[in-house]
A.B. asks: 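Please read through the structure below; I'll follow up with questions.
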Amino acid sequence: MQQELIDIGLDFETYYDADYSLKKMENAQYVMDGRFESMGFSLKLPGQKAVWITGDYEHQKRALAAIPWQRVRVVSHNARFDGSILEWRFGFKPAAYLCTMVGSRPHYVPLTGSASLDSISQHLKLQAKGTAVYKMVGKHRTDLSKLETEEYGAYCVVDTENACDIAASLIQILPLEEQELIDLTLKKYLRPRLKLDGHKLMARITALDHERGAMLQQILTRYGVDEATLRSRPKFADVLTKRGVSLPMKPTKPTKKNPLGGQTYAFAKDDMGFKELLIHPDPAVRELCNAKLTMSSSLEQSRLRRLLDLHNTMNGFLPVPMVYYGAHTGRFSGDEAINLQNLPRVERDKQTKEIRKGHLRFALTAQPGYSVIAADFSNIEARIVATLARQTDLVTGFRNSEDIYSKFATSVYGYPVNKKDHETERFVGKTCILGLGYGMGWRKFLLKMLQSGIAMDEKEAKRIVYLYRNTYSCIPDLWKALDQLAAKFLIDPQGMYEWRNLIFASERIILPNGMPIQYPDIANGPQGLYFRSRKYRALDDGEGLNWEDGARIWGGGFCENIAQALARIIATRAELRLHRLGLDAVLQAHDELVFHVPTETVDICKRAIEFEMIRPVDWMPELPIAVEIKHGPSYGDAK
DNA sequence: GTGCGGGGCGCG
DNA sequence: AAAGCGCGCCCCGCAC
């Protein structure tokens, strides 16, 4: 289908000034703002030079109307921007998009550290077309002289030519399915279907403001401690010191500025020292620490504000901003200050069924006559690890829908554990199955248990961790195998080795769909392998990698990266197949697909979704897959 | 005023 | 040696 489309380069130039710009606001707010003005755009038709078109709105619209959009794939560097102008401002809907900015993420961005048009063009050694940035701050189209208009157009045309050159490279290396995923990702944003419930958002903002205001007032009157003091770590430390409390401390991570690391206050909700203060004999200390904890979490408040703002901007519709290949493993990431992949989960009170957490999810609603369906893969990564390791008893257990968590907990405790009667034991089993598969050590495991309020000592933590590694011994073997493959082939410029549908090559692992997980500059260092991870990209000085600037990686880490990447391929393949059946996901959260369907079709849609999601994987046919599918009038109700 | 990094917290 | 890992956003403190 993609081949039949005509690729057309498109780049809008728009008004901006000191206050009104994409630096100051998110894309949706910028494009829908009253100050928005399209100054003009450049278009590049196949085999022709890009042309600059400018004039008033009607003139631009007439020019755009001449394009047969139903047969066009729009090529842009940052298509979320150009697409939202084309669709929301001018009302034209092309058949597809190819965004060269996100399309550059899998192969180029890990090496360049930047997805800008300039750095990608340079990286590809595209013919220099001039890179002078044309400043047009605070000028409207009618403010420009004839000469200025021409120079502006010339600048815009160059950008479009560059973007089209990048696209020519990308279509050589991105499989068609990945190109299609870029398009589907953009359409989740450009053609929103989920709605935001403005009343619910406002009601929750009011309730939360009231709750927090009352608490802050109480702290201020009782202890003379204000909000700023609660928010500041040093100021809060002073308050505790004045009350004779010895401050809980913890080591900081070594940084460039402070290579040896240091000490800092242990004031986080999971710090043991801080937890002790929550049960301190002095009720004032307890209350102050609880207040600090409350003020530490601002996600719900800030997200409510952002969503309400978006609700007002978009007439109640929710554009879903996702970044294609946001993670180097291929996972998508969120964007535009609303990250829909980390909304608090729904939690209800066991007795009263009252909603305790996850209110935000109930504000994401279906249109009238429609329902939201949420479909989750069940522990897909753990299943992939078991399959990859050829830990056959574990794979069989998953295939037979056994309660794996309870089963391992039974080994741990020596008596039969079940989901109903042994909540704590099963939780321990679950943590083991989900966490220990990636090589977690007993120290971190012990910490995690203590943080979850489960009493445990060093000896017991060691016993459980080694029991796991003995019970599922193929999994530590897998870490070792991956370590050896990496040490041999990833650091060798000519390295290339095929292993279980993966190819270990120079500085990358190639996945069954042909896409890479990249480990730029991977090399042996003082403590094993290091590579320039996303976090350290900016530190590239062209002199190779300093060990202290790199991220350490080993077998357990490769195991996790590969499992994550394979799970992503499985989820997106299912999404693509469902798209071809006319079922487009409106949202994606790693192992979860969300759909918006007419309510009378919910049952048949659920059957189709299950059928496609559990379909065996051609490159891992022995992988047992299971899904859980729910529906309701809102995202919260479907969870 | 703005940019940046670390701590913190939410999800998978 | 076996060391869980992948994101984005808010806030504070600090450098520029």
Side-chain angles (χ1 to χ4, degrees), chain A residues 18 23-24 26 227-236 250 252-258 261-262 264-271 274 292-293 295-303 305-306 321-323 325-345 357-358 360-361 376-377 379-382 385 431-432 434-445 447-448 465-466 468-469 475-480 482-483 517 527-529 533-535 538 551-565 567-568 571 588-592:
Chain A
K23 282 197 173 67
K24 294 275 171 102
E26 304 300 339
E227 184 177 344
T229 308
L230 281 177
R231 286 190 182 282
S232 160
R233 292 157 57 77
K235 284 179 198 156
F236 187 72
K250 63 178 173 186
T252 57
K253 288 189 182 111
T255 60
K256 201 154 188 127
K257 225 172 83 181
N258 193 355
T264 188
Y265 308 115
F267 288 165
K269 71 174 181 30
D270 290 333
D271 291 331
F274 194 68
K292 166 125 190 87
L293 227 45
M295 299 315 290
S296 300
S297 182
S298 59
L299 188 152
E300 191 184 5
Q301 255 186 333
S302 63
R303 208 61 60 83
R305 283 198 305 270
R306 292 284 189 181
M322 314 220 68
V323 181
Y325 244 83
H328 76 131
T329 54
R331 271 192 178 182
F332 298 83
S333 60
D335 207 358
E336 293 200 29
I338 57 166
N339 191 1
L340 297 171
Q341 291 183 320
N342 75 342
L343 299 178
R345 281 187 293 247
K357 238 186 81 182
L360 284 166
R361 295 193 188 223
D376 286 69
F377 286 101
N379 37 48
I380 180 126
E381 283 191 32
V385 171
T431 309
C432 294
L434 296 183
L436 296 180
Y438 301 132
M440 189 193 291
W442 65 266
R443 287 170 198 280
K444 202 166 275 187
F445 178 72
L447 196 70
K448 224 177 155 75
V465 169
Y466 296 124
Y468 175 89
R469 292 180 187 165
I475 291 175
D477 290 346
L478 173 65
W479 308 335
K480 197 175 176 184
L482 293 174
D483 238 351
I517 308 176
Q527 288 179 294
L529 291 171
S533 72
R534 171 199 190 82
K535 199 178 154 193
R552 277 174 73 187
I553 181 87
W554 67 291
F558 289 118
C559 177
E560 194 280 341
N561 285 180
I562 291 166
Q564 202 182 96
R568 180 272 192 193
Q588 195 266 23
H590 312 307
D591 64 354
E592 174 191 21

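By convention in this document, chain letters (A, B, ...) are assigned in the order of the sequence lines, proteins followed by strands, and residues within each chain are numbered from 1. Worth saying up front: this structure is predicted, and the values here are computed from it rather than measured.
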A.B. asks: What's A:Leu436 touching, base or sugar-phosphate or nothing? Going by heavy atoms closer than 4.0 Å.
C.D. replies: nothing
A.B. asks: Just to be sure I follow the notation: if a pair is Watson-Crick (purine N1 to pyrimidine N3 plus N6-O4 or O6-N4) or a G-U wobble (N1-O2 and O6-N3), each under 3.5 Å, what dot-bracket string does DNA chain C give, with | for pairs to another strand?
C.D. replies: ....||||||||||||
A.B. asks: Which nucleotide sits closest to the side chain of A:Ser298: B:dC11, C:dC11, C:dG4?
C.D. replies: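 For A:Ser298, the side-chain atoms sit closest to C:dC11.
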A.B. asks: Considering only C:dA1, B:dG8, C:dG4, which nucleotide approaches the side chain of A:Gln527 most closely?
C.D. replies: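 My answer, after comparing the listed nucleotides, is C:dA1.
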A.B. asks: Just to be sure I understand the rule, does A:Lys269 reach a base, reach only the sugar-phosphate, or reach nothing, if contact means heavy atoms closer than 4.0 Å?
C.D. replies: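 The residue A:Lys269 makes sugar-phosphate contact but no base contact.
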A.B. asks: Using side-chain contact (heavy atoms from CB on, under 4.5 Å), reason through A:Trp479 and A:Arg469 one step at a time and then give a plain yes or no.
C.D. replies: CA-CA 11 Å; A:Trp479 308 335; A:Arg469 292 180 187 165; 3.9 Å; yes
A.B. asks: Under 4.0 angstrom, heavy atoms only, what part of the nucleic acid is A:Phe445 near: base, sugar-phosphate, or nothing?
C.D. replies: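 No contact.
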A.B. asks: Is a donor on one side and an acceptor on the other found under 3.5 Å between the side chain of A:Arg306 and the backbone of A:Glu336?
C.D. replies: no
A.B. asks: Going by the rule ring pair (Phe, Tyr, Trp, His ring centres under 6.0 Å), which residues pair with A:Trp442 if we only count those two or more places apart in sequence or in a different chain?
C.D. replies: none
A.B. asks: What does A:Gly334 touch in the nucleic acid at a heavy-atom separation under 4.0 angstrom: a base, only the sugar-phosphate, or nothing?
C.D. replies: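 Result for A:Gly334 = sugar-phosphate.
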A.B. asks: For the side chain of A:Ala327, starting at C-beta, report the closest nucleotide among B:dC9, C:dG6, C:dC9.
C.D. replies: C:dG6
A.B. asks: Using atom types as modelled and distance alone, determine if a side-chain donor or acceptor of A:Thr329 lies under 3.5 Å from a backbone N or O of A:Asn561.
C.D. replies: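 Here the side-chain-to-backbone pair does not exist.
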A.B. asks: Of the options C:dG4, C:dC9, C:dG6, whose atoms approach the side-chain atoms of A:Lys444 most closely?
C.D. replies: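 Nucleotide nearest to A:Lys444's side chain: C:dG4.
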A.B. asks: From C-beta outward on A:Pro234, which listed nucleotide comes closest to its side chain: C:dG13, C:dC5, C:dC11?
C.D. replies: C:dG13
A.B. asks: Should A:Trp554 be counted as stacked on C:dA3, where stacking needs a ring-centre gap under 5.5 Å and an angle between planes under 30 degrees?
C.D. replies: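 By the stated criterion, A:Trp554 and C:dA3 stack.
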A.B. asks: Report yes if at least one side-chain N or O of A:His328 is closer than 4.0 Å to OP1 or OP2 of C:dG6; otherwise report no.
C.D. replies: yes
A.B. asks: What is the nucleic acid contact for A:Lys23, judged by heavy atoms within less than 4.0 Å: base, sugar-phosphate only, or nothing?
C.D. replies: nothing
A.B. asks: Consider the side chain of A:Asn342, meaning its heavy atoms from C-beta on, and name the nucleotide among C:dC5, C:dC10, B:dC11 that approaches it most closely.
C.D. replies: B:dC11
A.B. asks: Looking at A:Arg552 and C:dA3, is any side-chain donor or acceptor paired with a base atom of the opposite kind under 3.5 Å?
C.D. replies: yes
A.B. asks: Which nucleotide in the set B:dG8, C:dC10, C:dG6 lies at the smallest distance from any side-chain heavy atom of A:Asp271?
C.D. replies: B:dG8
A.B. asks: Under 4.0 Å between any heavy atoms, over every strand shown, what does A:Arg361 touch: base, sugar-phosphate, or nothing? Just pick one.
C.D. replies: sugar-phosphate
A.B. asks: Excluding sequence neighbours, so at least two apart, what forms ring pair (Phe, Tyr, Trp, His ring centres under 6.0 Å) with A:Phe558?
C.D. replies: A:Tyr519
A.B. asks: What's the closest nucleotide to the side chain of A:Ser333 if the choices are B:dG8, C:dC11, C:dC7?
C.D. replies: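 Closest nucleotide among those given: C:dC7.
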A.B. asks: Does OP1 or OP2 of B:dC11 have a side-chain N or O of A:Lys357 closer than 4.0 Å?
C.D. replies: yes
A.B. asks: What nucleic acid atoms does A:Lys292 come within less than 4.0 Å of, heavy atoms only: base, sugar-phosphate, or nothing?
C.D. replies: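 No contact.
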A.B. asks: Give the nucleotide from the list C:dC9, C:dG6, B:dC9 with an atom nearest to the side chain of A:Ala268.
C.D. replies: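 Looking only at heavy atoms from C-beta outward on A:Ala268, the closest nucleotide is B:dC9.
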